[in-house]
Participant: 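Got a structure for you, written out below as structure tokens; questions coming shortly.
These numbers come from the heavy atoms of this one structure, side chains and all, not from hydrogens, waters or symmetry mates. The chains referred to below are lettered A, B, ... by the order of the sequence lines, with proteins before strands, and numbering in each begins at 1.
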Amino acid sequence: MSLSFPHRHLTGIYGLLPHEILFLLDEAEQWIALNRATSKHDDRLSGLTLINAFFENSTRTLLSFEIAGKRLGADVVNMQVGASSVKKGETLIDTAMTLNAMRADMIVIRHQSSGAVQLIADKVDCPVLNAGDGRHEHPTQALLDALTIRRRKGRIAGLVVAICGDILHSRVARSNILALTTLGAEVRVIAPPTLMPAAIDRMGAIPFSDFDAGLDGADVVMMLRLQNERMDGAYLPSPREFHALYGLTPERLERAAPDALVMHPGPMNRGVEITSSVADHPTRSAITEQVEMGVAVRMACLDVLTRKRRGVEGWA
Amino acid sequence: MTASLAILNARIVDPVAGTITNGGILIRDRRIAAVGLFDTPSDVSVIDAGRAHVAPGLIDLGVFSIDMKAFTAGGITRAVLMPDQSPPLDHSALVQRAAAAGKPDLWIHPLAAATKGLEGSELAEIGLMKAGGACAVATGRQWIADAGVMHRVLSYANALGLVVVSHAEDGGLTAGAVATEGEYATRMGLPAAPAIAEAMAVARDIMLAEQSGARLHFRQLTTRRAFDLVRDAKLRGLPVTCGVSPAHLLLSDIAVGGFRTFARLSPPLRAEDDRQAALEALADGTIDLLCSSHDPLGPEAKRLPFADAEPGMSGAETLLALSLSLVRDGRIGLPRLIELLSTAPAGLLDLPGGSLAVGAEADLILFDPDKPWRIVSDAMASHAGNTPFDGLPVQGKVLQTIKGGVALG
């Protein structure tokens with residue numbers, strides 16, 4: 001047993017070993033029950049300050065981290081900085097130094113630029129959690145997705161997971177590819193060629209441009225949000241065409257395994273990448289469960305990453 | 001009239017003859033008066049080289065900043081300045097001012113902006129800038145997207161006897177990109193452009209140059225397909241040349257791992273196969289010269305998320321040391337290296353220098369090709385130490401830079 005979790009920060013899934021990912025999932029499991037109880041409070045982070053520094057707009061991720069911190073007893077401060085006001089120059093590092101000087105005990109960062117979280121993590125003394133940086137990584141999303149899959153399917157190894165939509169711009173896709181392949185799943189990525197990154201196969205994913213072929217026999221179908229601002233002209237002809245070729249409809253879902261799970265990190269474009277009847281399916285859709293697992297995973301990450309600071313031993 | 005100087009007990013690297021011989025160099029009136037073995041006159045100052053090497057001073061084609069300390073430290077006696085200044089060098093007066101900036105120590109040779117404001121739409125006053133001291137015409141950091149404009153630039157410059165220095169990346173493909181498309185850019189989530197963006201620009205510009213009869217130089221090429229196009233153009237006898245930086249010969253896109261903004265360059269670092277192609281092109285003569293693309297950038301430009309950081313590296317003072325690794329690896333000989341760093345750029349732009357001929361200007365460097373040292377960003381003489389080679393142990397150091405017979409530094 002090591003004295004503390006071997007990673008100071010959680011900047012990405014990259015670099016995590018399978019047993020480390022599984023440990024975080026196991027830790028998250030214990031918080032699910034607490035979150036479903038009437039009294040949802042635990043004081044283990046009492047006295048610690050969690051700063052959520054969001055340089056990019058977010059509602060659900062910010063709320064999820066805020067709830068996670070508060071349920072563990074931390075003092076939570078939210079700092080929503082518009083992308084336009086703090087964007088360039090020394091300001092980002094200045095902000096990191098300021099947060100450090102204020103003796104934050106944990107900092108959660110979301111930023112529109114890939115690598116921004118690493119830049120801050122290198123400058124501060126406390127653990128930094130990546131809540132999404134550019135199109136690079138969104139590790140807690142991947143952990144909550146893995147937790148959701150494991151609870152629904154009982155395992156991850158050996159499953160076929162199809163991730164569909166705007167892969168090119170998606171940090172969720174990258175973190176999920178890393179997490180799920182590390183845990184032994186077969187990951188397929190499905191996107192029109194204009195939204196498929198080069199060399200994605202080198203990350204361990206199998207690329208498909210034919211939605212139906214990619215869905216064939218999949219145990220999990222994970223849809224991604226199509227960013228409407230990228231729709232016309234630049235990457236795709238139109239939302240209508242995208243829906244026709246890559247929208248998840250009940251008919252399409254028939255191509256996946258009979259009990260295939262439907263997931264989406266939200267927010268959804270209903271009628272574009274997914275139809276409401278699929279998104280709201282009472283048994284096959286796990287979308288609201290993903291949100292619930294998000295709080296538990298974030299509680300687990302905050303707990304584990306601050307153990308060394310709190311003098312708590314043990315992680316495996 | 002300046003004092004006379006004799007450099008004795010040296011290893012003389014002559015890039016024109018392709019030889020390394022023992023002896024000295026006698027300098028009178030800023031020019032080389034004798035080379036090899038000669039009787040040392042009594043009225044001259046003497047530098048005992050102590051078996052160090054002496055060679056023509058380096059000529060760096062395409063620097064972005066007038067950085068005298070870095071040039072002196074790097075053995076650069078003439079720096080060819082890119083027009084990407086503030087304001088851009090698109091007017092004769094600006095060219096004249098830039099040309100005077102380094103004298104009398106090191107000489108700056110400005111490149112005239114091909115288009116007004118480097119915007120790629122209207123021809124700048126190239127003829128007047130030539131009269132003002134511009135040694136060639138350049139498109140700046142950007143490719144000229146409009147083929148009609150580029151055609152006119154090439155034709156007009158050709159009539160004036162000027163080489164056109166082009167940045168070869170198709171702007172449509174590279175818009176917004178900060179890395180080369182591939183595994184690393186994908187893993188790191190960086191906006192990336194396919195490497196063929198370079199070859200596409202090269203192909204078009206070669207066709208336009210062929211049609212107009214102009215001399216065309218690609219400041220930095222980095223991809224296998226681009227080298228193939230230049231190789232083919234040369235075989236057909238076209239006056240097309242190209243350069244490359246040591247960074248693109250020694251590093252691949254792996255170096256951007258960890259979001260190291262010092263490794264954010266333009267053109268971006270390429271895949272290993274392209275790096276190998278660059279080494280092959282160097283060996284077979286497709287690459288005509290080496291340049292540093294010296295672009296010192298401070299923390300306000302580099303201590304940023306990768307995609308927000310500006311591209312460029314501080315390269316002047318590491319140019320020789322990094323290039324010498326090509327000699328140690330047996331890829332080229334030492335005289336050939338000096339040719340790539342000095343004689344070739346001088347010949348391409350019709351500049352003095354690059355030669356040890358009697359009567360040539362005494363622009364020289366003394367260097368020890370084996371002296372070990374470590375590149376340390378914080379300890380560089382340059383305005384800024386943004387080098388992707390920070391911490392790298394290297395061999396080969398410039399001991400003395402001599403411009404017009406005067407020892408600098």
Participant: So with a 6.0 Å cut-off around CE of A:Met268, is the heavy-atom count from everything else above 12?
Facilitator: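 Check passes, neighbour count above 12.
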
Participant: Side chain, backbone, both or neither: which part of A:Ile167 has a heavy atom under 4.5 Å from chain B?
Facilitator: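 Contact with chain B: none, neither part.
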
Participant: Counting only heavy atoms not in B:Arg225 (residues, nucleotides, ligands), do more than 12 fall under 6.0 Å from its CZ?
Facilitator: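 Incorrect, the count does not exceed 12.
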
Participant: Say you draw a straight line from OH of B:Tyr184 to CZ of A:Arg202; how long is it, rounded to the nearest 0.5 Å?
Facilitator: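 One gets 8.5 Å once the value is rounded to the nearest 0.5 Å.
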
Participant: Heavy atoms, side chains only, cut-off 4.5 Å: are B:Arg303 and A:Lys123 in contact?
Facilitator: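 SC-SC contact between B:Arg303 and A:Lys123 confirmed.
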
Participant: Is B:Arg187 close to A:Arg174 at the side-chain level, that is, under 4.5 Å between some pair of heavy atoms?
Facilitator: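 When only atoms from C-beta onward are counted, B:Arg187 and A:Arg174 do not touch, as no gap falls below 4.5 Å.
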
Participant: With the side chain counted from C-beta on, respond yes when B:Leu190 and A:Arg135 share a heavy-atom pair under 4.5 Å apart, and no when they do not.
Facilitator: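 No. Closest side-chain heavy atoms not under 4.5 Å.
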
Participant: Please classify the contact between B:Pro194 and chain A as side chain, backbone, both or neither, with a heavy-atom cut-off of under 4.5 Å.
Facilitator: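 For B:Pro194, neither part sits under 4.5 Å from chain A.
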
Participant: May I ask you to check whether over 12 heavy atoms, not counting those of B:Gln142, lie within 6.0 Å of atom CD?
Facilitator: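 Counting neighbours around CD of B:Gln142, 12 or fewer heavy atoms of other residues, nucleotides or ligands fall under 6.0 Å, so no.
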
Participant: For A:Tyr14, I'd like to know if atom OH has over 12 heavy atoms of other residues, nucleotides or ligands within 6.0 Å.
Facilitator: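 No - once you tally the heavy atoms of other residues, nucleotides and ligands closer than 6.0 Å, there are 12 at most.
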
Participant: What distance do A:Gln118 atom CD and B:Arg260 atom CZ have between them, rounded to the nearest 0.5 Å?
Facilitator: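 If I round to the nearest 0.5 Å, the distance is 12.5 Å.
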
Participant: To the nearest 0.5 Å, how far apart are CE in A:Met196 and OG1 in B:Thr186?
Facilitator: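 Nearest 0.5 Å value for the CE-OG1 distance: 10.5 Å.
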
Participant: Using heavy-atom distances under 4.5 Å, tell me whether A:Leu119 contacts chain B through its side chain, its backbone, both, or neither.
Facilitator: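 Looking at A:Leu119, just its side chain touches chain B.
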
Participant: Determine whether A:Ser114 and B:Phe259 make a side-chain contact, defined as any pair of heavy atoms from C-beta on separated by less than 4.5 Å.
Facilitator: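 A side-chain contact under 4.5 Å exists here.
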
Participant: Could you tell me the separation between the CG atom of A:Leu92 and the CG atom of B:Asp308, rounded to the nearest 0.5 Å?
Facilitator: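 These two atoms lie 8.5 Å from each other.
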
